[in-house]
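Note sheet for the following structure.
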Amino acid sequence: MATQTKEKPARKEGMYEVVMEQFAHAADIMNLDPGVRKILSKTNTEIEVNFPVRLDNGKIEVFTGYRVQHNNALGPYKGGLRYHDTVDLDAARALAIWMTWKTALAGLPFGGAKGGIHINPKNYSKSELERITRRFTYALGDNIGPDLDIPAPDVNTNAQIMAWIADTFSSTKSPSTRFVNLHVVTGKPVGAGGLAGRDRATGFGVVSNIKFWAKHKGFNLKGAKFIVQGFGNVGYWTAHFLIKEGAKLIAVQDVSATLHDEKGIDAEALLKYSMDNGRSLKGYKGAKEYDPAAFWGLDCEIVVPAALGNQITEQNAGAIKAKLVAEGANGPTDIHGEAILKKNGVDIIPDILCNSGGVIGSYYEWLQNKRAEIWKIDQVLEMIHDKLETSFEKVVAEAKAHKVDWRMGAYIAALRRLEDTYMDRGIFP
Ligand code: NAD
């Protein structure tokens, strides 16, 4: 079993401190215009709503939801909604800021936002979650909208939840405008105006980026061993597409268990088990349970964090033996963890590039709804792949030009686009 780095208390910044430190570093390197730096240092709008819902047992509970809108210089705010007990203003702020960089880097006509509800959804029935979602949507009111702020799925939210949001939002408007509001959210089920392929867009994009990295480095993905933290939307689809490239999934960790098998884990069988088991991997018989603390140190070539933020820290980064960390999650590597990875020569495909296939897919869903068209999955995946290739090349070029790592390359490309927009447009009045 792999050994872990010596235990010491981790220095723990929140995700907000991490994103602000990354931003400050990039702004210094590229000499970002001081006025633009001031604007981007703040969020535009922060919304906190408390709303009551009647539970199945007849009692009333009051929930707290958030929507933070960081910046909309490039277009309507865009970003996911998370249902988790770590959701608070600071987390929503950090994730909203990362969305601004991500949409800017991807060349999309969107800004950045994020939000969610402080809740553990496992404690509620499906009908309670429906009422919570609908009442949250109602509480947000016209602070979201198809040309203002367009939520999407994130941790513990899915196509079903997006369908409830779209239906609630549209139902509060005149029936004559119902279909003009369909694109108030993306990530809807295909039958409710969703895009074929949006379900897999993020994981597909993570693997597209891994393929670009492999080509760039002359690395052969056939037989390469990889591990994935998180087996939800991003983790499963990443595993699915990477196995298709000939790579071998040797370990998976979710909130309930860590599984390991050197012969390779069958991602499809694991998905079926998890769906039948309340989305939990605990008890799966096709692989052995493994020490969670030793997960990151497993012998493999590629590590894919696809769960929460701040998972790779100074406590475990030194144990990572892989050549590549592909950030499926948002903010999975903290500042100290990143410094250790860099010192050890581990490549990082940064989150704002690596998982941007999701928001690119969302953009195509938004366009499809706006144009009242229906697109085919192959066409969608090809468009996502092409956009990602452009972003990847931009990141590598900026990194080379400034002699910096790929995260800074990605930041510089994103911030340059925002800076140009402010320079061309000026500031009202
Ligand atoms: P999800 O809810 O579908 O899955 C989350 C997974 O993480 C689950 O398997 C859960 O068990 C696991 N997890 C939670 N806490 C954990 C812990 N402490 N240790 C180990 N595993 C844990 O969420 P998702 O949509 O797949 O999102 C995962 C990450 O990817 C998030 O950081 C999210 O912001 C990011 N992301 C998602 C999308 C998208 O389209 N869904 C797009 C871009 C980025």
Side-chain angles (χ1 to χ4, degrees), residues 15 18-19 78-87 91-92 94-96 98-99 101-103 106 112-116 119-122 151-162 185-188 194-195 197-206 209 227-240 251-259 267 270-271 273-275 277-282 284 290 292-293 295-296 304-313 316 326-333 349-363 365 384 388:
M15 287 192 291
V18 173
V19 69
K78 188 87 191 78
L81 288 176
R82 183 175 285 200
Y83 287 4
H84 200 269
D85 47 22
T86 58
V87 171
L95 292 160
W98 272 316
M99 283 309 300
W101 312 154
K102 199 183 298 184
T103 52
K114 203 82 168 198
I119 184 181
N120 180 354
K122 289 217 157 68
D154 194 75
V155 176
N156 290 335
T157 57
N158 53 27
Q160 172 66 81
I161 287 174
M162 297 306 116
V185 282
T186 55
K188 301 179 290 289
L195 177 79
R198 174 60 186 90
D199 55 353
R200 65 210 67 188
T202 308
F204 172 82
V206 170
N209 274 300
I227 63 174
V228 177
Q229 187 197 42
F231 202 67
N233 176 283
V234 181
Y236 161 68
W237 282 110
T238 299
H240 169 92
V252 182
Q253 179 176 76
D254 81 344
V255 71
S256 69
T258 302
L259 303 172
L270 188 59
L271 176 72
Y273 176 83
S274 122
M275 298 303 271
N277 195 35
R279 305 213 60 130
S280 158
L281 303 184
K282 184 103 190 145
Y284 179 67
Y290 197 70
F295 172 76
W296 300 105
V304 184
L308 302 178
N310 283 351
Q311 297 298 300
I312 300 177
T313 65
N316 55 26
E327 295 185 333
N330 286 307
T333 313
I349 306 178
D351 46 8
I352 60 170
L353 169 66
C354 195
N355 67 40
S356 63
V359 73
I360 296 171
S362 279
Y363 165 62
E365 179 171 333
I384 294 173
L388 285 170

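In listed order, ligands and their atoms are each counted from 1. For clarity, every value in this text was computed on a predicted model and none was experimentally measured.
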For [Y], is there any backbone N or O sitting under 3.5 Å from a side-chain donor or acceptor partner on [X]?
| X | Y | value |
| --- | --- | --- |
| N330 | L95 | no |
| T157 | L81 | yes |
| N355 | A329 | yes |
| N277 | K282 | yes |
| E365 | G187 | yes |
| D351 | P332 | no |
| N316 | T313 | yes |

Plane angle bin for W237 and H240 - parallel if under 30°, tilted between 30 and 60°, otherwise perpendicular: perpendicular
Provide, to 0.1 Å, the distance between [atom] and the closest protein heavy atom, together with that atom's residue and name.
| atom | result |
| --- | --- |
| atom 3 (O) of ligand 1 | N233 N, 2.9 Å |
| atom 19 (N) of ligand 1 | Q229 NE2, 3.7 Å |
| atom 2 (O) of ligand 1 | N156 N, 2.7 Å |
| atom 4 (O) of ligand 1 | G232 CA, 3.3 Å |
| atom 7 (O) of ligand 1 | A307 CB, 3.4 Å |
| atom 9 (O) of ligand 1 | F231 N, 2.9 Å |
| atom 15 (N) of ligand 1 | L308 CD1, 3.6 Å |
| atom 40 (O) of ligand 1 | T202 OG1, 2.7 Å |

Side chain, backbone, both or neither: R82 near ligand 1, heavy atoms under 4.0 Å: side chain
Under-4.0 Å heavy-atom contact with ligand 1, by part of A306 that carries it: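 The part of A306 near ligand 1 is the backbone, not the side chain.
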Atoms in ligand 1 flagged as close to R198, the criterion being non-hydrogen separation under 4.0 Å: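 Those qualifying, in numeric order: 40 (O).
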Contact atoms of ligand 1, heavy-atom distance to N355 under 4.0 Å: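 Close to N355: 43 (C), 44 (C).
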V359 and M99, any side-chain heavy atoms less than 4.5 Å apart: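 Heavy-atom side-chain distance check passes, below 4.5 Å.
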L388 vs N209 side-chain heavy atoms within contact, under 4.5 Å: yes
N or O contact, [X] vs ligand 1, cut-off under 3.5 Å:
| X | value |
| --- | --- |
| L95 | no |
| N330 | yes |
| D154 | yes |

Distance, nearest 0.5 Å, that separates CG of L259 from CG of L270: 6.0 Å
Option of least heavy-atom distance to atom 6 (C) of ligand 1 (set: P305, G361, G230): G230
Residue-ligand contact R200/ligand 1, heavy atom below 4.0 Å: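 No; R200 lies far enough from ligand 1 that no heavy-atom distance drops under 4.0 Å.
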